Amino acid sequence: MIAYDKKMLDNEALIDEAGTLYKGGFISKEQKKFIEKELPDLKSQSNILVRIGFFLLGSFLFGSICGAISLFGVSSERIFFQICCYIFAVVGFAGVELLATQNFRNHGLDDAFILGTLLNVGFAIAITTEGYEMVIATFVSIASLFMFLRYLHVLSMLVFCLSTTAFLFYGMFEFGDIGKAILPFTAMIFAGAFYFFTKKLINNLKERYYYKGLLLANSFCLILFYLSCNYLVVRELSAELLGVEVKPGTDIPFAFFFYAFTFIVPVVYLVQALRTKDRLMLWISFLAIGFSIYTIRFYHSILPIEVALTLGGVVLFAIAFFSIKKLKEKESGLTFKPDRINHSDTLLNAEALVVASTFGMKPEVKPQASPMDFGGGGFSGGGSEGSF
């Protein structure tokens, strides 16, 4: 299923690990270059700006090919308009396959062709079905999942999550006002089930090439779960979809549940992140807490904005200060000390020894000078000067 040579994928992972060890001071620059030279890997771009540049170049190339094809079919007018996006999608798939054979992955050029293919699949189905949203979301979901499974394209997994969520939403719209009314609870159940499903896949993962995409889907479920029953989201969608007008002194149905959900879920995220040492969930919990505060202030402005910001800054400073003070002396677990992989040379000898045994290199570690100061002399004995 995977289009790339798995040996080269493994080499890419080893080179990334070597870069991490180099940044941590565990191996030298020469050792890092030796590893990169000895392990052939895929053509990828770690610099985001360079990758964006190649993406723009790839988009221009893809657009030029589609434009050239359009010149031949423009005389057909209506018929060509019905099938042109299918042709463009096939061109995009052929381009991605060609780039994969040339070992381009996460390069920018492949991003342009993959996303261009998904876009044309959506347009093609939209033209054929005259804009039937559920069918569009279905085909885009299938195409994006295929792109992720074959080309390990993480952004395709994001497209899959969005299109699957769109399928759920438009599916609930088919049931009329009842479907729209229960949409928050349906989305909450869907996000929760999909979260545990992706969590199980990550724990039982046999091919680690899919790890980043599954981690993205897992994090997406956390965000969707929170937003599905956030008070602000539910109230505004109720007004938009159902025409519910909240008059002074009244509130939306189940308002108490949505209020409680808005504040309890971020706290649960925070506690779980600290318990499991999950940094990604920790960042999501911080964002959720911030959005919860914004939700309440959006409807209940108790203090002027400048006073609220000042008090919020004081509270955050106090939390940060006392947290740092409590954690700065801890050596393990939750601590304020920097990661060893980034700022430590205590394991330099051990890591260099691993590299030496793996690649047959001598670690460049200087021996420590002896703390005992000996005298002169030409034979054994501490302080040998011809006499004891």
Side-chain angles (χ1 to χ4, degrees), residues 81-86 88-89 115 117-149 155-201 213-214 216-247 250-262 265 288 291 295:
F81 178 74
Q82 293 287 338
I83 64 172
C84 65
C85 288
Y86 290 101
F88 299 156
L115 296 179
T117 301
L118 296 178
L119 186 65
N120 278 285
V121 168
F123 280 136
I125 302 301
I127 293 172
T128 303
T129 61
E130 297 182 350
Y132 189 28
E133 294 89 352
M134 281 190 64
V135 180
I136 297 171
T138 301
F139 277 89
V140 172
S141 298
I142 295 173
S144 56
L145 182 61
F146 174 80
M147 291 295 186
F148 170 69
L149 293 176
L155 287 178
S156 294
M157 175 54 75
L158 179 60
V159 176
F160 170 76
C161 294
L162 293 172
S163 55
T164 305
T165 305
F167 174 82
L168 173 68
F169 277 49
Y170 286 117
M172 295 304 298
F173 292 166
E174 295 290 325
F175 295 98
D177 290 343
I178 296 177
K180 295 176 182 178
I182 64 174
L183 179 60
F185 304 101
T186 306
M188 178 184 67
I189 295 172
F190 168 78
F194 199 45
Y195 169 80
F196 287 108
F197 175 70
T198 53
K199 195 73 173 177
K200 184 177 180 181
L201 289 178
L214 291 175
L216 174 64
N218 191 255
S219 302
F220 178 87
C221 293
L222 290 174
I223 297 173
L224 179 62
F225 183 83
Y226 168 71
L227 292 178
S228 61
C229 289
N230 174 272
Y231 178 82
L232 184 148
V233 175
V234 172
R235 179 166 170 172
E236 295 303 314
L237 285 180
S238 297
E240 183 70 25
L241 300 177
L242 299 174
V244 176
E245 183 180 354
V246 181
K247 298 180 179 179
T250 63
D251 213 332
I252 59 174
F254 304 105
F256 178 77
F257 169 79
F258 295 125
Y259 270 124
F261 188 94
T262 300
V265 169
F291 193 72
T295 296

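Just so it is clear, the model here is predicted, and its values are computed rather than measured. Sequential numbering from 1 along the given sequence is applied to the chain's residues.
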- The side chain to side chain contact (heavy atoms under 4.5 Å, CB included) partners of Phe261 (sequence neighbours excluded) come to Met188, Phe225, Cys229, Phe257, Val265
- For Pro184 and Phe258, which heavy atoms make the closest approach, and how far apart are they? CB-CE2, 4.4 Å
- Residues in side chain to side chain contact (heavy atoms under 4.5 Å, CB included) contact with Leu119, at least two apart in sequence or another chain: Phe123
- Item | Those residues that, when tested against Asn230, pass side-chain hydrogen bond (donor to acceptor under 3.5 Å, both in side chains) (two or more places apart) | Tyr226, Thr295
- Note on the structure: The reported gap from CG in Leu162 to CE in Met157 (rounded to nearest 0.5 angstrom) is 11.5 Å
- Atom pair CG (Leu118) and CE (Met147), whose distance is rounded to the nearest 0.5 Å: 5.0 Å
Pairs of donor and acceptor atoms involving the side chains of residues 171-183, under 3.5 Å and at least two apart or interchain, shall be tabulated with distances.
none

- Task: Could you pull out all residues at least two apart from Ile142 that satisfy side chain to side chain contact (heavy atoms under 4.5 Å, CB included)?
- Result: Thr138
- So side-chain hydrogen bond (donor to acceptor under 3.5 Å, both in side chains) across residues 235-244, not counting sequence neighbours, yields Tyr231-Arg235, Glu236-Tyr299
- Looking at CD1 of Ile125 and CG of Asn120, how far apart are the two atoms once the value is rounded to the nearest 0.5 Å? 11.0 Å
- Does Val140 have any side chain to side chain contact (heavy atoms under 4.5 Å, CB included) partners at least two apart in sequence or in another chain, and if so, which? Ile136, Val159, Ser163
- Message: My understanding is that only residues two or more places apart in sequence, or in another chain, count here; which of them pass ring-ring contact (aromatic ring centres under 6.0 Å, His included) with Phe190?
- Response: Phe194
- Item | Residues which pass side-chain hydrogen bond (donor to acceptor under 3.5 Å, both in side chains) with Thr198, listed by chain and number, not counting sequence neighbours | Asn218
- Message: Assess the residue pair Thr164 and Phe169 against the criterion (side chain to side chain contact (heavy atoms under 4.5 Å, CB included)); give the C-alpha distance rounded to whole Å, side-chain angles, the decisive distance to 0.1 Å, and a yes or no.
- Response: CA-CA 9 Å; Thr164 305; Phe169 277 49; over 6 Å; no
- Spacing of Ser228 atom OG and Ile223 atom CD1 [to the nearest 0.5 Å]: 12.0 Å
- Message: Using the side-chain hydrogen bond (donor to acceptor under 3.5 Å, both in side chains) criterion, which residues pair with Ser156? Sequence neighbours excluded.
- Response: His153
- Does Tyr195 reach the side chain of Leu224, with side-chain heavy atoms less than 4.5 Å apart? no
- Does Tyr259 OH have over 12 foreign heavy atoms under 6.0 Å away? yes
- Output the distance between atom CG (Leu149) and atom CZ (Phe160), rounded to the nearest 0.5 Å. 9.0 Å
- Across all chains, not counting sequence neighbours, the side-chain hydrogen bond (donor to acceptor under 3.5 Å, both in side chains) partners of Tyr132 are none
- Answer yes if the ring centres of Phe88 and Phe81 are under 6.0 angstrom apart, and no otherwise. no
- Message: Test of understanding: with ring-ring contact (aromatic ring centres under 6.0 Å, His included), list the residues that count as partners of Phe220, not counting sequence neighbours.
- Response: none
